[in-house]
Amino acid sequence: MSLIEEISKRKTFAIISHPDAGKTTLTEKFLLFGGAIQVAGAVKSNKIKKTSTSDFMEIEKQRGISVATSVMAFEYNDKRVNILDTPGHKDFAEDTYRTLTAVDSVILVVDSVKGVEEQTQKLMEVCRMRNTPVIIFINKMDREGKDAFDLLEELEEKLNISTRPLSWPINQGSNFKGVYNLYKKELNLFETNKTQLADVVINITDLNSEQLTQHVSEKDAKKLREDAELIEGIYEPFDIDLYQSGLLAPVFFGSAINNFGVQELLETFLEIAPSPMSRQAIERPVLANEEALTGFVFKIHANLDPNHRDRIAFMRICSGKFERNKFYYHTRSGKKLKFANPTTFMANEKILTSEAYPGDVIGLYDSGNFKIGDTLTEGEKLQFKGIPSFSPEIFKELENRDPLKTKQLEKGISQLSEEGVAQLFIQEPGHRKIIGTVGDLQFEVIQFRLEHEYGAKCSFMPLKFYKAFWITCKDKKMLEQFMIRKAHAIASDKEGNPVFFAESEWNVTYAKQDFPDIEFHTISEFNGN
Ligand code: G4P
């Protein structure tokens with residue numbers, strides 16, 4: 001198969017949702033369709049149970065599961081589907097944000113009862129930043145949820161994106177009868193406890209025909225006809241280009257647990273979702289069909305076994321063909337690296353692979369060469385854009401509890417921050433280490449891993465900062481003045497960029513008034529880096 005054929009076969013995406021909306025259930029149904037698993041329940045939810053936030057072994061176990069389920073690949077209708085898993089727990093949101101840089105599109109699951117929730121909004125903001133195409137699946141239609149039109153309005157308002165329903169529900173909750181697919185003009189009738197995997201669909205091109213009332217009551221048929229007319233009146237016909245540019249989200253309704261509406265979602269997704277296209281490097285855009293290999297690391301996972309210090313770096317292939325045992329150029333260090341045991345992930349299995357194509361994710365065993373964001377090429381000096389750090393929300397100072405193990409602590413914390421477990425900021429004088437995270441769970445992970453993997457002991461002192469801002473200013477003098485005035489709240493990030501820790505929103509407002517030329521960024525991806 002040619003490179004172009006391999007590329008057009010691939011669909012690389014992530015399923016995202018607020019916890020409990022049904023991401024795991026939907027993933028599992030997709031895998032069932034793909035034949036990647038045979039029974040429901042085979043995919044372990046990679047969410048850390050809310051009740052066991054201080055159970056370290058549980059965290060470790062979960063980390064193990066999340067390696068195994070990091071990527072789930074399967075074939076369906078001659079397409080190669082790569083689902084990139086994202087942690088459900090909100091404390092691992094940074095991990096999810098980074099994974100979103102490695103996908104070509106996203107399916108967002110929304111609970112029909114709860115509507116748009118906090119985490120949904122945050123995830124969508126990240127998708128909007130890079131115009132990632134999004135399909136929305138409104139799940140749990142078997143429950144008494146919000147009105148479908150109200151849900152669409154809520155989606156548009158809270159997610160700041162235009163929507164276009166491609167299927168439409170007939171009632172909901174105990175009275176849920178099914179959906180009418182407005183795109184394919186098919187009626188899909190709801191059955192609970194259905195035994196077969198596939199949906200049974202009835203082709204009804206004209207909703208006004210008698211055919212509809214052979215399957216649903218007069219009352220339901222009347223309502224569906226009215227709703228469909230209203231939809232056609234309000235919404236423009238579905239425009240695939242707008243969807244692929246990330247400006248329009250098609251919406252489907254269904255019930256993942258009942259495997260209802262999942263097949264139509266999967267098949268439409270395969271039809272409309274983009275295959276790998278071009279990716280922006282700082283130097284130039286890189287087309288997927290370029291012959292030379294390029295790829296970037298978006299996730300690093302430490303080995304669970306403390307006797308084996310190697311890590312797995314997850315690389316997304318952006319162009320060309322990856323081959324086992326071939327030398328590639330690590331653009332940050334200038335080193336030539338080759339990989340004897342690259343792995344791909346098929347559902348729950350890791351498999352040794354000898355080649356991979358754009359859109360694929362491979363696991364590379366690494367003894368410390370990789371950092372998140374690193375690029376591999378065949379010799380060209382390139383750096384892919386788009387692994388930003390987001391402003392953390394919780395800050396603590398790291399304190400060394402065993403002075404004899406200072407070196408181990410330094411090494412451990414630097415490696416953990418390279419893996420993206422947390423952000424490390426250094427404050428001078430005194431080389432104080434300030435750890436910033438999005439959730440409390442990370443501090444437990446850091447403490448546990450420093451002790452078990454590096455033999456270092458630490459404790460944390462909470463700091464009363466509200467947010468970190470990367471600061472830039474065209475006027476170097478003003479920046480200097482600001483940094484002197486706010487010395488107690490200035491530190492450097494891992495690249496040496498200056499960061500300002502604000503104690504409150506008010507604190508930032510005043511700083512902006514006093515130093516009008518300084519720009520305060522909540523994402524590290526400013527000035528094009
Ligand atoms: P998540 O990964 O997004 O966190 O959600 P997950 O799939 O684990 O689903 C959360 C809960 O919602 C699960 O119930 C799941 O069974 C249920 N669920 C998923 N899809 C549907 C649906 O279409 N209708 C209804 N009514 N429920 C659905 P749980 O009780 O938390 O877990 P479990 O014991 O069923 O595994």
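Atom set for the values below is all heavy atoms of this structure, side chains included, hydrogens, waters and symmetry mates excluded. Indexing begins at 1, ligand by ligand and atom by atom, following the structure's order.
Less than 4.0 angstrom separates some heavy atom of Ser17 from each of these atoms of ligand 1: 3 (O). Interface of Pro19 with ligand 1, defined as ligand atoms under 4.0 Å from a residue heavy atom, comprises 4 (O). In summary, the atoms of ligand 1 found under 4.0 Å from a heavy atom of Lys23, numbered by their order in the structure, are 1 (P), 2 (O), 3 (O), 5 (O), 7 (O). Taking every heavy atom of Ser255 and a limit of under 4.0 angstrom, the matching atoms of ligand 1 come to 22 (C), 23 (O), 24 (N).
Residue contacts with ligand 1 leave out Asn258, since none of its heavy atoms falls under 4.0 Å from the ligand.
In terms of polar-atom proximity, defined here as any N/O pair under 3.5 Å, Ala256 does make such a contact with ligand 1. Between Arg143 and ligand 1, a contact under 3.5 Å exists for no N or O pair.
Side chains of Asn181 and Asn188: no donor on one and acceptor on the other come within 3.5 Å.
Here the rule is side-chain contact (heavy atoms from CB on, under 4.5 Å) with Tyr243, and of Ile135, Val134, Leu166 only Ile135 fits it.
Aromatic ring orientation, Phe260 versus Phe190: perpendicular (interplanar angle above 60°, classes split at 30° and 60°).
Heavy atoms of Lys140 found under 4.0 angstrom from ligand 1 belong to the backbone as well as the side chain. When non-hydrogen atoms are compared, ligand 1 lies under 4.0 Å from the backbone of Thr25 as well as from its side chain. At a heavy-atom distance under 4.0 Å, atoms from both the backbone and the side chain of Ile257 approach ligand 1.
Not a single ring-ring contact (aromatic ring centres under 6.0 Å, His included) links Phe137 to another residue, sequence neighbours left out.
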Quick one, Asp366 with Lys371, criterion salt bridge (Lys or Arg N to Asp or Glu O under 4.0 Å). Give me CA distance, side-chain angles, the key distance, then yes/no. CA-CA 10 Å; Asp366 167 48; Lys371 267 192 193 182; over 6 Å; no
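Salt-bridge formation is not detected for the pair Asp85/Lys299: no Lys NZ or Arg NE/NH1/NH2 atom is positioned less than 4.0 Å from an Asp or Glu carboxylate oxygen.
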Under 3.5 Å, which donor-acceptor pairs do the side chains of residues 247-255 form with other protein atoms, sequence neighbours left out?
unit_1: Ser255; atom_1: OG; unit_2: Asp142; atom_2: OD1; d: 3.4
unit_1: Ser255; atom_1: OG; unit_2: Asn258; atom_2: ND2; d: 2.9

